[in-house]
There are 2 protein chains.
Amino acid sequence: MNLKQLAQQLGLSQTTVSRALNGYPEVSERTRRRVQQAATEFAYMPSRHAQLLATGRSRTIGHVVPLLRHSMMTPYFSDFIAGAGEVYAEYGFDMLISVVPEAEEETHYRAMAASNKVDGLIVHAPKAVESRIGLLQALEIPFLVHGRAGNPADGYLWMDIDNKRSFERATEFLIDLGHRRIALLNGLEEMNFASRRRIGYSEALQNNDIEIDPSIMFCDDMIEPCGYSRTRQLLEMDEKPTAILTSSVLLAMGVLRALTDCGLRAGSDVSIVTHDDQLSFLHKPGEVPFFTSTRSSINKAGRRCGELLISYIKSRESRPESELWETELVVGASSGPAPSRQA
Amino acid sequence: MNLKQLAQQLGLSQTTVSRALNGYPEVSERTRRRVQQAATEFAYMPSRHAQLLATGRSRTIGHVVPLLRHSMMTPYFSDFIAGAGEVYAEYGFDMLISVVPEAEEETHYRAMAASNKVDGLIVHAPKAVESRIGLLQALEIPFLVHGRAGNPADGYLWMDIDNKRSFERATEFLIDLGHRRIALLNGLEEMNFASRRRIGYSEALQNNDIEIDPSIMFCDDMIEPCGYSRTRQLLEMDEKPTAILTSSVLLAMGVLRALTDCGLRAGSDVSIVTHDDQLSFLHKPGEVPFFTSTRSSINKAGRRCGELLISYIKSRESRPESELWETELVVGASSGPAPSRQA
DNA sequence: TGTAAAATCCAAAGCGCTTTGAAAATTTGA
DNA sequence: TCAAATTTTCAAAGCGCTTTGGATTTTACA
């Protein structure tokens, strides 16, 4: 059943039916009701493509997921997507996801813009040096960066957590507990968030006159096995760290496994503090978290990104304010006072 | 730049240009080359919506993700999507993802079908009793079920792993190691795969004259904390299990954490065998797996599902064969002979 | 009651593409 | 060399919707 047929059924013109359905004021309430009723009765659904051709908008938001970088964002991706997707559904937007080899990324963005497939884009996992932002600005398509790129963080819309402050606080927390030798298991340094976190960590150490030791700072994929192997490596050092700060609960889980393998207990022998994106599959609602962490829900971030981008798309000219979220420091059982030297 | 303008530029008709670009034979090679060259030069991209309106097809595949059930599929989702997405990209298909409250799922499927948004759908996480399949059959839209629904597993296209056989083998493996008291941490029983796994487990026990004890069989969300708390619960029993069989590495990780908390070692004190979907964020390529597992890559499953559905869509009338994959039993360090009674 | 204003409704023109049916140009064969 | 066959190109008709500009009907007011 299409518009024409529906209009015929009702003995009305397509114009009137279209207007009735789309809430235009030029149609009487009586007619509108009649039309709506018929529409549901015949299960009429406008053809999306026709609608979009006619309006020029697509009510679709695109996510371009680079294939190589995917492994580094995969666990976060689904929770983010779930949050964003919910918002899209509420506003009647669709979500288009393209999995693209990193080399073809630029081509893909251009194609997205030219083919009118999406009204806006969300940029994931910005690097420290990020070429996509300039490209999208040139293409004049609304976009939102989840995270931030290098320096000038204005001129585009973004939503990020305060990674630097977050790791500064976490490090200070450990220092306050008496730790002086704190290892950092970070994400890949090329990622923007990772370098911010390193800076926060470094500044906290410096402010407390603790030497920064690159031999206990690592950049890896944020997955469990990396946490494990790095910790094994750390535990073989002469001067073992008394605390390990990690960028992801997955890393922290690897750390934990390594500690256990070596007969050490987290919290008493070695403290673990991690950033926690509150991944849905690692948390049970209401459960007391084991890991001490700086916490910020990636699902909520997804929601907020969706909201911001949609509001941007709708108003078009006036770009919403970018947002910087603070994280929450949650003390769990994985951290404790530094063991005294002689123990 | 649109078709009309491009045609004008070239001094050709839209027809010819369109045909040249779409590889129709009615156009000379010389013209085709000229057209293609101009197209790249002016960065011409056909408007997707116009194209789709004209052809009636959408070159888009939809995934409807139910919100409530999402938490149960979230960690698997992204790896599956990554695999499928790659294939879509190769074939020039788009991927549309809708996150929908479970209650609105049916409405949503209907809307998808009526609005012509997608050429086909992938059904995730089929339940033991699955109403969606009948609905989609009635809507006459091509679809593929990742997994299977209840009884008649024909009449539609699916791709599944042999869950029953898989858990039968895993259980037999443990029995061969001397284990007699084997706990099962399964997914929610309402899910099709979970009931198949339970059956495999039960049959293996029965075939070896081991009593089935419902008090050591659990159905939960397949997340780490559930693995942890169930294991704690199991370890407080009078007759503790000597082996734990789990449906997911995430559960297994929880089991491991609980064992460690209680000063037990996996493999010697208690054996763990798990099903392993080879989630990308739990594996490092080339790494020797810690958990003994029945293994099948969910990413590959995503790829294959994409391929099957696309081939179905393309041929339309002839539905491809559904596929049942065997899993691979991989022996790791988490399993070992049952400890002797007196130890 | 007659007229201006407001409320309804409509026909038709796109949106940018594909595709049909036919025409024009070129090649072939006797 | 000319008609027939083949190749190449084109004009125009959709696809199903929105939206403009105008026509028609109803309401309001003097």
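Quick note on labels: first sequence line is chain A, next is B, and so on, each numbered from 1.
Using a 4.0 Å heavy-atom distance criterion, Asn116(B) is classed as making no nucleic acid contact. Base contact: Glu26(B) has a heavy atom under 4.0 Å from a base atom. Using a 4.0 Å heavy-atom distance criterion, Leu52(A) is classed as making no nucleic acid contact.
Between the C1' atom of dG16(D) and the CZ atom of Arg57(B) lies a distance of 16 Å, rounded to the nearest Å. Distance, His49(A) NE2 to dG14(D) P: 21 Å, rounded to whole Å. Computed from coordinates, the Arg32(B) CZ to dT7(D) P distance equals 14 Å when rounded to whole Å. Following rounding to the nearest Å, Leu6(A) (CG) and dG16(D) (P) show an atom-to-atom distance of 14 Å. Distance Leu21(B) CG to dC17(C) P: 10 Å, rounded to the nearest Å. Spacing between atom CZ of Arg59(A) and atom P of dC17(D) amounts to 16 Å, rounded to whole angstrom units. The separation between Leu53(A) atom CG and dT19(D) atom P is 13 Å, rounded to whole Å. In this structure, the CE atom of Met45(B) is 16 Å from the P atom of dG16(C), given to the nearest Å.
Checking Asn116(A) against Ser47(B) by side-chain atom types alone, no donor-acceptor pair falls below 3.5 Å. For the residue pair Ser18(B) / Thr15(B), no side-chain donor-acceptor distance below 3.5 Å is found, with atom types taken as modelled.
Taking the side chain as every heavy atom from C-beta outward, Met159(A) and Leu308(A) approach each other to under 4.5 Å. Using a 4.5 Å heavy-atom threshold, the side chains of Thr60(B) and Asp119(B) count as separate.
Note: Phe281(B) and Phe281(A) meet the aromatic proximity criterion, with ring centroids under 6.0 Å apart. Ring centroids of His124(A) and Phe80(A) are separated by less than 6.0 Å, placing the two rings close together.
Dashed line: the shortest gap from a side-chain N or O of Ser18(B) to OP1 or OP2 of dC17(C) is not under 4.0 Å. OP1 and OP2 of dT8(C) both lie 4.0 Å or more from every side-chain N or O belonging to Tyr24(A). Here Thr31(A) reaches the OP1 or OP2 of dC9(C): one of its side-chain N or O atoms lies under 4.0 Å away. Listed pair Thr16(A) / dC9(C) fails the phosphate criterion, with no side-chain N or O lying under 4.0 Å from OP1 or OP2. For the pair Ser13(B) and dC10(D), the criterion of a side-chain N or O lying under 4.0 Å from OP1 or OP2 is met. Contact annotation: Tyr44(A) side-chain N/O to dG16(D) OP1/OP2 distance is not under 4.0 Å.
With distances taken from any side-chain atom of Leu3(B) to the nucleotides dG16(D), dT9(D), dC17(C), the minimum falls on dC17(C). Which of dC10(C), dC17(C), dC17(D) sits closest to the side chain of Ala50(A) comes down to dC17(D). Closest to the side chain of Ala54(A), out of dT9(D), dC17(C), dG16(D), is dG16(D). The side chain of Asn2(B) has dC17(C) as its nearest neighbour among dT8(C), dC17(C), dT19(D). Comparing dG21(C), dT18(C), dC17(D) by their nearest atom to the side chain of Arg19(B) picks out dG21(C).
Comparing Thr15(A) and Val17(B) against DNA chain D, the residue whose closest nucleotide sits nearer the 5' end is Val17(B). Position along DNA chain C of the nearest nucleotide to Val27(A) versus Gln14(A) favours Val27(A) as the more 5'-ward residue. Between Thr55(B) and Gly11(B), the residue anchored nearer the 5' end of DNA chain D, judged by the nucleotide with its closest heavy atom, is Gly11(B).
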